[in-house]
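Notes for the one structure printed next.
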Amino acid sequence: MSAIRPAAVVVLAAGEGTRMKSATPKVLHELCGRTLVGHVLAAARELEPENLVVVVGHAREQVTAHLGATDPGVRTAVQAEQNGTGHAVRMALEELGTVDGTVVVVCGDTPLLRGETLRALAANHSADGNAVTVLTAEVPDATGYGRIVRDGASGAVTAIVEHKDASDSQRAIREINSGVFAFDGQLLADALGKVRTDNSQGEEYLTDVLGILREAGHRVGASVADDHREIAGINNRVQLSEARRILNDRLLTEAMLAGVTVIDPATTWIDVDVTFGQDAIVHPGTQLHGTTHIAEGAEVGPNTRLTDTTVEAGARVDNTVAVSSHIGPQASVGPFAYLRPGTRLGAKGKIGTYVETKNATIGEGTKVPHLSYVGDATIGDYTNIGAASVFVNYDGKDKHHTTVGSHCRTGSDNMFVAPVTVGDGSYTAAGSVITKDVPPGSLAVARGQQRNIEGWVARKRPGSAAAKAAETASRQGESEN
């Protein structure tokens with residue numbers, strides 16, 4: 001099918017969406033890593049239109065700011081009062097000026113709409129020489145949707161009747177209007193000036209343009225979507241969750257067909273910008289968000305949430321939360337680890353159980369096995385950080401950096417008080433508080449001298465269980481001697 005480049009795509013996103021019961025505008029609700037309108041824009045961009053304009057109205061400052069951050073090339077038109085879809089498109093055409101060519105109109109709350117479906121609509125519109133082509137679908141339950149009325153003999157589209165205005169026989173029709181159209185731009189502009197408001201809502205219906213153009217002798221056609229779920233609009237949180245499930249299943253199916261093993265799709269959730277290498281494995285209860293990438297042969301989950309994180313080939317991530325982090329090839333993370341932004345773990349490195357990292361570069365083969373916090377730090381290669389170590393990076397006002405070299409062995413229960421440097425090949429003793437730089441190859445011991453006060457329990461806790469146990473142990477020692 002040859003590519004048909006529209007003169008413009010108009011996205012209708014001015015409605016309030018009161019049924020969402022939310023302070024957030026409807027089109028800014030999210031699923032699978034994009035807002036509703038963000039999904040629609042992505043599909044529209046696949047048409048490579050000469051112009052892309054979004055009609056905004058309710059909370060337009062918020063919506064416009066989002067559009068600017070999402071797609072700076074988008075133009076906006078303001079519908080100050082929501083007087084119907086026809087009125088909204090008129091506002092868009094006023095913003096665009098004279099449009100010579102095809103104008104595609106889509107709704108901003110249809111996140112399942114595919115770019116390939118829009119391309120088919122534009123191609124059918126051009127091939128058939130239509131004045132207007134409506135995207136339709138056959139649905140199991142057409143309640144609430146505008147019905148497609150066709151000529152009984154020719155099958156041509158004669159009208160679209162809104163549910164509230166439909167007769168009983170028309171309400172029995174299962175072919176519905178998706179709210180997506182391809183128009184001849186000049187004919188659309190002329191017909192919009194003739195749309196009336198004598199309907200139950202007192203609004204300008206865009207669908208009335210079809211009847212106006214047909215009465216003027218122009219051709220009205222239809223392009224039927226392969227999957228009726230694509231055209232589903234989102235009006236409440238139930239529909240939002242249903243669309244999220246459908247889109248998530250679509251994304252997981254694409255991943256599995258490309259060579260990814262997803263153990264339990266029902267408990268696995270991914271965003272649209274997540275990518276995989278072949279033979280990646282995703283275990284149950286895993287959420288992959290943002291631009292996360294799971295490379296060839298890497299294994300993530302179960303019960304793992306990764307956001308904007310790269311997991312290199314052959315790495316293993318188990319029961320972990322990671323944000324804006326990089327996990328090197330054949331590295332191991334978790335279980336129960338928390339990688340905060342700026343964490344970079346080298347090849348064959350390890351971040352173990354109950355370890356938190358932040359803004360930390362951890363070298364090749366280096367291990368932070370358990371019960372530790374590594375923040376604002378650089379650790380070299382093949383170093384081992386002892387259990388219960390803390391990189392003390394904050395003095396109450398500023399953050400400071402700690403550097404631990406390569407091939408170091410730090411003892412358990414160490415405190416590294418930044419800024420401090422531990423040289424290559426050094427050791428630190430268990431229980432040490434390191435406040436001064438450690439030269440390469442040194443042993444640092446920074447702890448108080450142990451002192452045993454014999455008989456303290458008998459004097460200070462007489463009659464206690466501890467005193468009785470100590471007395472028994474003393475007697476046994478004396479008898480053995």
Side-chain angles (χ1 to χ4, degrees), residues 8-45 49 51-96 103-113 118 144-146 162 164 177-181 192 195 197 200-207 230-244 246-247 271-273 289-290:
V9 174
V10 176
V11 180
L12 306 183
E16 184 175 356
T18 55
R19 283 176 281 176
M20 296 298 288
K21 308 293 185 184
S22 176
T24 300
K26 180 176 73 169
V27 295
L28 298 191
H29 281 264
E30 295 187 5
L31 70 163
C32 299
R34 285 184 188 149
T35 60
L36 300 183
V37 71
H39 285 287
V40 175
L41 291 177
R45 280 299 184 194
N51 296 282
L52 180 53
V53 59
V54 179
V55 181
V56 297
H58 175 72
R60 59 181 176 270
E61 295 84 1
Q62 191 175 349
V63 176
T64 300
H66 171 72
L67 295 173
T70 302
D71 188 339
V74 167
R75 298 168 66 175
T76 58
V78 177
Q79 185 186 26
E81 296 182 6
Q82 280 71 69
N83 292 328
T85 52
H87 179 255
V89 175
R90 280 205 296 116
M91 298 301 99
L93 294 185
E94 288 182 8
E95 167 66 25
L96 291 170
V103 175
V104 175
V105 178
V106 298
C107 301
D109 63 351
T110 53
L112 301 178
L113 188 63
L118 291 179
Y145 288 97
E162 297 298 323
K164 294 178 180 179
N177 168 34
S178 67
V180 177
F181 303 89
L192 284 172
V195 172
T197 58
S200 63
Q201 297 295 103
E203 296 179 348
E204 298 176 32
Y205 289 159
L206 180 62
T207 50
E230 281 193 53
I231 67 173
I234 307 302
N235 293 302
N236 56 49
R237 309 293 181 112
V238 174
Q239 293 172 342
L240 181 66
S241 70
E242 291 170 346
R244 183 180 290 112
I246 293 169
L247 181 53
D271 285 352
V272 292
D273 291 324
H289 299 301

**OP:** Look at the side chain of Ser241 and the backbone N and O of Val238, then say whether any donor-acceptor pair between them is shorter than 3.5 Å.
**Re:** yes

Original post:
Rounded to the nearest 0.5 Å, what separation is found between the NE2 atom of His39 and the CG atom of Leu247?
Top reply: 5.5 Å

**OP:** Let me see the working for His87 and Val195 under side-chain contact (heavy atoms from CB on, under 4.5 Å), right down to the final yes or no.
**Re:** CA-CA 9 Å; His87 179 255; Val195 172; over 6 Å; no

**OP:** State the OG1-CD1 distance between Thr110 and Ile231, to the nearest 0.5 angstrom.
**Re:** 9.0 Å

Original post:
With no hydrogens and no angle check, is any side-chain donor or acceptor of Arg19 less than 3.5 Å from a backbone partner on Ile234?
Top reply: no

Original post:
Just one of Val105, Leu113, Leu12, Val40 clears the side-chain contact (heavy atoms from CB on, under 4.5 Å) bar with Val180, so which one?
Top reply: Leu113

Original post:
Is it true that a side-chain atom of Gln79 and a backbone atom of Gly84 form a donor plus acceptor pair closer than 3.5 Å?
Top reply: yes

**OP:** Hey, could you give me the CD/CE distance between Glu81 and Met91, rounded to the nearest 0.5 Å?
**Re:** 10.5 Å

Subject >> Closest contact, heavy atoms only, Ala77 versus Glu95 >> reply: CB-CB, 3.9 Å

Original post:
Do Val37 and Thr70 touch side chain to side chain, with heavy atoms closer than 4.5 Å?
Top reply: no

**OP:** Of all the heavy-atom pairs spanning Met20 and Arg237, show the shortest one and how long it is.
**Re:** O-NE, 2.7 Å

Original post:
Out of curiosity, Lys26 NZ to Leu36 CG, how far, rounded to the nearest 0.5 Å?
Top reply: 8.0 Å

Original post:
Any side-chain donor-acceptor pair under 3.5 Å between Gln82 and His58?
Top reply: no

**OP:** Check Val10 against Val103 and note the closest heavy-atom contact, atom names and distance.
**Re:** CG2-CG1, 4.0 Å

Original post:
How many angstroms lie between SG in Cys107 and CG in Asn177, if you round to the nearest 0.5 Å?
Top reply: 8.0 Å

Original post:
Are a donor atom and an acceptor atom from the side chains of Asn236 and Lys21 found within less than 3.5 Å of each other?
Top reply: no

Original post:
Which heavy atom of Ala243 sits nearest a heavy atom of Pro111, and at what distance?
Top reply: CB-CG, 4.4 Å

Original post:
Can you list the residues that meet the ring pair (Phe, Tyr, Trp, His ring centres under 6.0 Å) rule with Phe181, with sequence neighbours excluded?
Top reply: Phe183

Original post:
Side-chain contact, heavy-atom cut-off 4.5 Å: Leu41 with Thr35?
Top reply: no

Subject >> Nearest non-hydrogen partners of Val9 and Ala44, listed with the distance >> reply: CG1-CB, 3.8 Å

**OP:** Would you mind reporting whether Leu96 and Arg75 have side-chain heavy atoms less than 4.5 Å apart?
**Re:** yes

Original post:
CG/Leu31 to CG/Leu112 distance, rounded to the nearest 0.5 angstrom?
Top reply: 7.0 Å

Subject >> Nearest non-hydrogen partners of Gly108 and Val27, listed with the distance >> reply: O-CG1, 3.7 Å

Original post:
Does the side chain of Arg60 reach to within under 4.5 Å of the side chain of Val78, using non-hydrogen atoms?
Top reply: yes

